[in-house]
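So you know, we letter chains A, B, ... as the sequences are listed, proteins then strands, and number each from 1.
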Number of protein chains: 2
Amino acid sequence: MKTEPPHPPKGRPRAFDTDVALGRALELFWRQGYEGTSLSDLTAAMGINRPSLYAAFGNKEQLFRLALNRYLRGPAACLGEALREPTARKVAERMLRGVVGQMSDPKLPKGCLVVQAALSSGTEADPIREALAAHRNEARNALRRRFEEAIAGGDLPKGTDATSLAGYLMAVIHGLAVQSASGMSPRELQAIAELAIQHWPA
Amino acid sequence: MKTEPPHPPKGRPRAFDTDVALGRALELFWRQGYEGTSLSDLTAAMGINRPSLYAAFGNKEQLFRLALNRYLRGPAACLGEALREPTARKVAERMLRGVVGQMSDPKLPKGCLVVQAALSSGTEADPIREALAAHRNEARNALRRRFEEAIAGGDLPKGTDATSLAGYLMAVIHGLAVQSASGMSPRELQAIAELAIQHWPA
DNA sequence: CCGTTTTCATACTGTTCGGTAAAATAATGC
DNA sequence: GCATTATTTTACCGAACAGTATGAAAACGG
């Protein structure tokens, strides 16, 4: 995973930094969704020409997948980290406060890339939608497994349905993303999150 | 609000039923969002030609607004009716079970038109987004007022924050819409709704 | 029958979409 | 310098987009 090749490559060197260009692409996709972002938008924001984009990133869909990857390892990493909290309640608290915290950063786009791009649905974006649905499914499964542990460990009531509880927490998070994208203020988002935490079982 | 004019109009009679055509348009917008639905999609599903659509409905944006109106008075009417339940808990129960019930109808598109179209965001759809955000705001205000009544009436704890509680319920509903649109099964949606009901304050 | 009115069907407008062909340019090893 | 390799630039491609001009067709009152 080194980005620094040991010997300089043979041909003409690239005149832009692929990392910062990918960051610009992520911000645009995040703000406008997959279909809402045109190649002209992308090349303008990334400061490169169209063929350079294709040479470096393949095509629009692959560029989106790369941006999604960076999003999941970057801004959305707090969700995965939250799984390592010691109790189910702390997992939920950290997730809810994490997403609210991120959505409160004025330098970042509002809402959530995964939700944002999932619902824009021309027939052309179908593979993207499937990929995002698969990711959400995976995230929910990880959360369910963590809650099963919690039930076994005793920090959730014995009769709890881990699957439903995971779905519920995901639903609240997605709901927060929708409202954030719709312009709800950070303090209101936080109040909602605190309310969800307050009603958490156990 | 009569749809039957007393005297037959002068010119050539319309060869299609504007009501059923609008229904087809609603279904398409609901399934694919605003930007994801092209005029060719619309005319094909409505069984009419392009100029007929423009003559009868104005343009794409106005057609969407008409479809939205029909959606709010039809499939989404249960949300407004729920406000008339006697207690805050029953309001929440009816809303949550109502949206799940609607999303479980296999003949209807998944998800929620208001959420679906709200996040598809090319610059062109901005007025649509604003209209939808305004509607969601209005809905949340109605819910807040209902909860304030409930607090005054004693069926919600005295210290409850009506605004946050309304936002929380809207968030859960929007989250359910996202997951429904992503292919979650009706039984899972129902389990999530029941869980939210179970954790309702008071 | 005729003139009027409105809707119908066909064909088209200019623009934007994602993607690419081709030549100029800048670095390499020799 | 020279061939090679990869990236840059400019210009373009066919398809799809929202919206429309035009004339034929179908109802009416007379």
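- Each of A:Leu39 and A:Pro13 lies near DNA chain C, and the nucleotide nearest A:Leu39 is the one positioned closer to the 5' end.
- A straight line from CZ of B:Phe57 to P of D:dA18 spans 16 Å, rounded to a whole angstrom.
- A straight line from CZ of A:Phe64 to P of C:dG18 spans 14 Å, rounded to a whole angstrom.
- Checked by atom type, the side-chain pair B:Ser40/B:Arg50 shows a donor-acceptor distance below 3.5 Å.
- For the pair A:Arg50 CZ and C:dG18 P, the computed distance is 7 Å after rounding to whole Å.
- Across the protein-nucleic acid pair, B:Leu42 atom CG and D:dA18 atom C1' stand 11 Å apart, rounded to whole Å.
- A centroid separation of 6.0 Å or more is found between the aromatic rings of A:Trp30 and A:Phe64.
- Within a 6.0 Å radius of CZ in B:Arg146, other residues, nucleotides and ligands contribute more than 12 heavy atoms.
- For C:dT6, the OP1/OP2 oxygens have no side-chain nitrogen or oxygen of B:Lys10 closer than 4.0 Å.
- Rounded to whole Å, the distance from CG on B:Asn49 to P on D:dA21 is 17 Å.
- Judged by distance alone, with hydrogens and angles left aside, A:Arg14 brings no side-chain donor or acceptor close enough to the base of D:dA6 to form a pair under 3.5 Å.
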Side chain to side chain contact (heavy atoms under 4.5 Å, CB included) evaluation trace for A:Tyr71 with A:Val114:
CA-CA 9 Å; A:Tyr71 176 74; A:Val114 179; 4.0 Å; yes

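- Atom CZ of B:Arg12 is separated from atom C1' of C:dT5 by 12 Å (rounded to the nearest Å).
- For C:dC17, one of the phosphate oxygens OP1 or OP2 lies less than 4.0 angstrom from a side-chain nitrogen or oxygen of A:Ser38.
- For A:Thr37 and A:Pro51, each mapped to the nucleotide of DNA chain C holding its nearest heavy atom, the one lying further toward the 5' end belongs to A:Thr37.
- Note on A:Thr43: nothing from the nucleic acid sits closer than 4.0 angstrom, heavy atoms only.
- For A:Ser52, a side-chain nitrogen or oxygen approaches OP1 or OP2 of D:dT8 to under 4.0 Å.
- The distance from atom CG of B:Leu53 to atom P of D:dC17 is 14 Å, rounded to the nearest whole Å.
- Comparing B:Gly11 and B:Lys60 by the nucleotide of DNA chain D whose heavy atom lies nearest to each, the residue mapping closer to the 5' end is B:Lys60.
- A:Phe16 has its CZ atom 15 Å from the P atom of D:dA6, to the nearest Å.
- Here B:Ala55 lies out of heavy-atom contact (under 4.0 Å) with every strand.
- Counting heavy atoms from C-beta on, the side chains of B:Cys112 and B:His174 never come closer than 4.5 Å.
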